[in-house]
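Given the structure is predicted, the values throughout are model-derived calculations rather than measurements.
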Amino acid sequence: MLDISEFRDNDSVIRADHDKRKIPHNKIDKVIQLDEEWRRAVFDQSLARKKRNDAAKLISNAKKAGNSEEMKKLLAEVKDLGTKIEDLDYTANQLIEKRDAIRMTIPNILHNEVPIGDDEKSNTLHSEFGKKPEFSFSPRTHNELLEINKWAELPRAAKITGSRFYFLKGDLARLEMALQSYTVDFMLKKEYTLIHPPTMMNRKAYEGVTDLGDFETVMYGVQPDGYYMIATSEHPLTAMYMDEIIEPSILPIKLVGVSPCFRREVGAHGQSDKGIWRVHQFTKIEQIIISHPDDSWNFHEEMLENCIELWNSLGIHYRVVNICTGDMGTVASRKYDLEAWLPGPGEYKEIVSCSNCTDYQANRLRMRFRTPDGNSSVHTLNSTAVATSRALVAIMEQYQLEDGRVNIPKVLQAYMNGQKIIEPTII
RNA sequence: GCGACAGUCGCAUAGCCUGGUAUUGCGCAGGAUUGCUAAUCCUGUGGGUUUCACCCGCGCGAGUUCAAAUCUCGUCUGUCGCGCCA
């Protein structure tokens with residue numbers, strides 16, 4: 001959520017941003033209008049309350065002085081003030097609720113260097129690492145590899161839950177654990193603090209970290225308690241400090257979260273969704289930084305550097321792209337994606353997303369730090385380190401052998417008791 | 001799940017019985033002063049507005065009242081005890 005002062009003093013910035021995103025200005029106008037109405041209502045409300053407070057003081061004095069005549073007179077004067085104040089309160093509350101309901105849906109201000117364009121085709125290449133692996137045979141898709149090696153049970157998972165769930169089996173399940181351990185150790189060396197968060201969140205906290213539309217399309221609700229399964233550990237880790245005033249001396253807060261992630265994936269279809277690429281549940285290791293606003297752009301680069309070092313160490317060929325205006329979403333101000341080369345389908349596909357959300361989440365969550373001139377919102381940043389299902393797909397496809405088995409990236413072998421190849425599952 | 005107690009500004013506290021201007025300490029920030037690894041003093045330290053002032057704010061919500069941190073009801077969270085349990 002953008003700070004209200006942006007609408008009062010700086011609306012041209014928001015308008016210019018809307019132009020870049022090709023969205024109309026009507027919501028901005030509405031927020032400004034409601035804000036003006038609210039401020040008038042609050043002023044009237046304050047006057048009425050002052051009147052009541054003054055009267056209450058006089059009544060108190062009259063009572064102490066034992067002047068019951070005076071008291072009766074004063075009481076008669078303020079008799080109807082209570083209802084009047086209630087009405088004014090109601091009006092003011094209605095106005096600010098409307099104002100903020102709209103303000104919540106207005107997206108973050110984009111960084112200057114975000115490329116302009118309508119969809120992912122306009123994302124621009126930032127950098128590229130590794131080389132496309134060459135095969136003396138026709139490389140298989142990860143889905144074919146899963147079947148040949150019995151590394152996953154998809155139809156059986158569909159029986160007990162539904163489509164897009166999976167049982168991971170045998171060596172591939174072990175590789176998943178190795179990947180988690182390796183990634184966590186990697187992040188610990190960067191002095192991030194490991195966190196296992198709650199896997200469910202209440203509505204209030206969740207509204208602070210995500211686009212409201214996600215409640216319909218992304219998150220699973222948990223009844224009867226009204227909780228939501230987390231779509232990523234970014235959400236609990238970022239919301240962890242909600243409603244707090246943080247001492248600036250503890251900034252930056254650097255966290256590495258490990259959690260299962262749950263996504264409904266409403267509206268997702270197609271051939272590319274076979275296998276475990278796009279699933280309702282997966283495990284993700286996530287980087288989170290809560291920082292002073294002056295430092296956030298440096299930390300955004302730091303998180304990207306961490307990803308690059310990590311994925312280079314896994315020996316995966318991928319490219320980094322700058323996400324363009326049309327592909328950005330509501331919360332981030334700037335976003336890099338890592339896209340791994342998948343030899344099976346012959347495409348680059350997203351494996352990492354690295355965002356600076358500036359003060360957008362912090363404003364909603366009321367996460368502030370002290371400054372000499374009062375409190376000011378922190379910045380929040382998040383980046384995937386590794387989403388295990390997608391990392392496994394990239395490893396399987398890029399490290400595959402002619403017989404369908406898969407070499408284990410060197411850095412993971414120590415986490416697999418020295419094993420060098422993952423073998424088919426027996427049953 | 002049951003019962004008792006608790007929730008007050010970053011932290012810790014007083015105020016609640018008996019309704020009438022949110023107390024004190026610590027931490028943090030700014031300033032002053034002294035000068036030796038620091039001390040002392042002053043100021044500030046929840047949110048809002050038409051900002052020399054005023055309004056709101058004592059977990060949240062409702063009620064009683066001219067007036068609620070204070071009384072009543074509901075609710076949430078925590079602590080302890082009991083029960084259940086990996």
Asks: Apply side-chain contact (heavy atoms from CB on, under 4.5 Å) to residues A:Leu34 and A:Asp100 and explain how you reach the verdict.
Replies: CA-CA 9 Å; A:Leu34 286 166; A:Asp100 287 345; over 6 Å; no

Asks: Could you state the atom-to-atom distance from CG of A:Leu74 to C1' of B:G20 in whole Å?
Replies: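 Rounding to the nearest Å, CG of A:Leu74 and C1' of B:G20 are 14 Å apart.
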
Asks: List for me each residue that meets ring pair (Phe, Tyr, Trp, His ring centres under 6.0 Å) alongside A:Tyr90, sequence neighbours excluded, and say none if there are none.
Replies: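 So A:Tyr90 forms no ring pair (Phe, Tyr, Trp, His ring centres under 6.0 Å) with any residue.
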
Asks: Both A:Arg99 and A:Pro248 contact RNA chain B. Taking the nearest nucleotide for each, which residue is further toward the 5' end?
Replies: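 Looking at RNA chain B, the more 5' nearest nucleotide goes with A:Pro248.
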
Asks: N/O contacts under 3.5 Å, protein versus nucleotides 6-13 of chain B?
Replies:
residue, atom, partner, partner atom, Å
B:G10, O4', A:Arg370, NH2, 3.0
B:G10, N9, A:Arg370, NH2, 3.0
B:G10, N7, A:Arg370, NH2, 3.3

Asks: Would you say the base of B:U49 stacks on A:Phe43 (centre-to-centre below 5.5 Å, plane angle below 30°)?
Replies: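 So no, this residue does not stack on that base, at least one cut-off failing.
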
Asks: Rounded to the nearest angstrom, tell me the gap between atom CD1 in A:Ile250 and atom P in B:A29.
Replies: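 It is 14 Å, rounded to the nearest whole Å.
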
Asks: Measure CZ/A:Arg49 against C1'/B:U49 and give the value in whole Å, please.
Replies: 13 Å

Asks: Go through B:C55, B:G48, B:U50 for me and flag the one nearest to the A:Trp38 side chain.
Replies: B:G48

Asks: Cut-off 3.5 Å, no hydrogens considered: what does the side-chain donor-acceptor table look like for residues 254-265 of chain A, sequence neighbours left out?
Replies:
residue, atom, partner, partner atom, Å
A:Lys254, NZ, A:Glu302, OE1, 3.2
A:Lys254, NZ, A:Glu302, OE2, 2.9
A:Arg263, NE, A:Ala231, O, 2.9
A:Arg263, NH2, A:Ala231, O, 2.9
A:Arg264, NH1, A:Glu216, O, 2.7
A:Glu265, OE1, A:Arg278, NH1, 3.1

Asks: Is A:Lys169 atom NZ crowded by more than 12 heavy atoms from other residues, nucleotides or ligands, each under 6.0 Å away?
Replies: yes

Asks: Enumerate the salt bridge (charged side-chain N to carboxylate O under 4.0 Å, His left out) contacts for residues 325-339 of chain A, please, sequence neighbours excluded, ordered by first and then second residue.
Replies: A:Glu113-A:Arg334, A:Arg319-A:Glu339

Asks: Hey, can you pull the donor-acceptor pairs under 3.5 Å for the side chains in residues 362-370 of chain A, sequence neighbours left out?
Replies:
residue, atom, partner, partner atom, Å
A:Asn363, OD1, A:Ser377, OG, 2.7
A:Asn363, ND2, A:Met1, O, 2.8
A:Asn363, ND2, A:Asp359, O, 3.3
A:Arg364, NH1, A:Glu207, O, 2.7
A:Arg364, NH1, A:Thr210, O, 2.7
A:Arg364, NH2, A:Met104, O, 2.6
A:Arg364, NH2, A:Tyr360, OH, 3.4
A:Arg366, NE, A:Asp243, OD1, 2.5
A:Arg366, NH1, A:Arg364, O, 3.1
A:Arg366, NH2, A:Asp243, OD1, 3.0
A:Arg368, NE, A:Arg366, O, 3.4
A:Arg370, NE, A:Glu247, OE2, 3.4

Asks: Applying ring pair (Phe, Tyr, Trp, His ring centres under 6.0 Å), can you list everything that pairs with A:Phe165, at least two apart in sequence or on another chain?
Replies: A:His280

Asks: Using the salt bridge (charged side-chain N to carboxylate O under 4.0 Å, His left out) rule, collect all pairs that involve residues 376-393 of chain A, keeping only residues at least two apart or in two chains.
Replies: none

Asks: Using whole Å, report how far CD1 of A:Ile85 lies from C1' of B:C54.
Replies: 14 Å

Asks: Dot-bracket for RNA chain B, 5' to 3', counting Watson-Crick or G-U wobble pairs under 3.5 Å, with [ ] for crossing pairs and | for inter-strand pairs?
Replies: ((((((((.[[[..)....(...]]]((((((.......))))))((((...))))..[[[[[..)....]]]]])))))))....

Asks: In whole angstroms, how far is the P atom of B:G47 from the CG atom of A:Asp243?
Replies: 12 Å

Asks: Output a table of nitrogen or oxygen pairs between the protein and nucleotides 60-66 of chain B separated by less than 3.5 Å.
Replies:
none

Asks: Using whole Å, what does the distance between atom P of nucleotide B:U49 and atom CD of A:Gln45 come to?
Replies: 12 Å

Asks: So does A:Asn53 get a side-chain nitrogen or oxygen closer than 4.0 Å to the phosphate oxygens (OP1/OP2) of B:C56?
Replies: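 Yes, within the criterion.
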
Asks: Which pairs count as salt bridge (charged side-chain N to carboxylate O under 4.0 Å, His left out) when at least one residue sits in residues 409-423 of chain A, sequence neighbours excluded?
Replies: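 Every salt bridge (charged side-chain N to carboxylate O under 4.0 Å, His left out) pair that includes a residue of residues 409-423 of chain A, provided the two are not neighbours, is A:Arg405-A:Glu423.
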
Asks: List for me each residue that meets side chain to side chain donor-acceptor pair (under 3.5 Å) alongside A:Thr330, sequence neighbours excluded, and say none if there are none.
Replies: A:Asp211

Asks: Would you classify A:Arg8 as touching base, sugar-phosphate or nothing, given that sugar-phosphate means primed atoms plus P, OP1 and OP2, and contacts are heavy atoms under 4.0 Å?
Replies: sugar-phosphate

Asks: With A:Arg52, which residues qualify under salt bridge (Lys or Arg N to Asp or Glu O under 4.0 Å), at least two apart?
Replies: none

Asks: Once you round it to whole Å, what is the distance between C1' of B:G59 and CZ of A:Arg366?
Replies: 14 Å

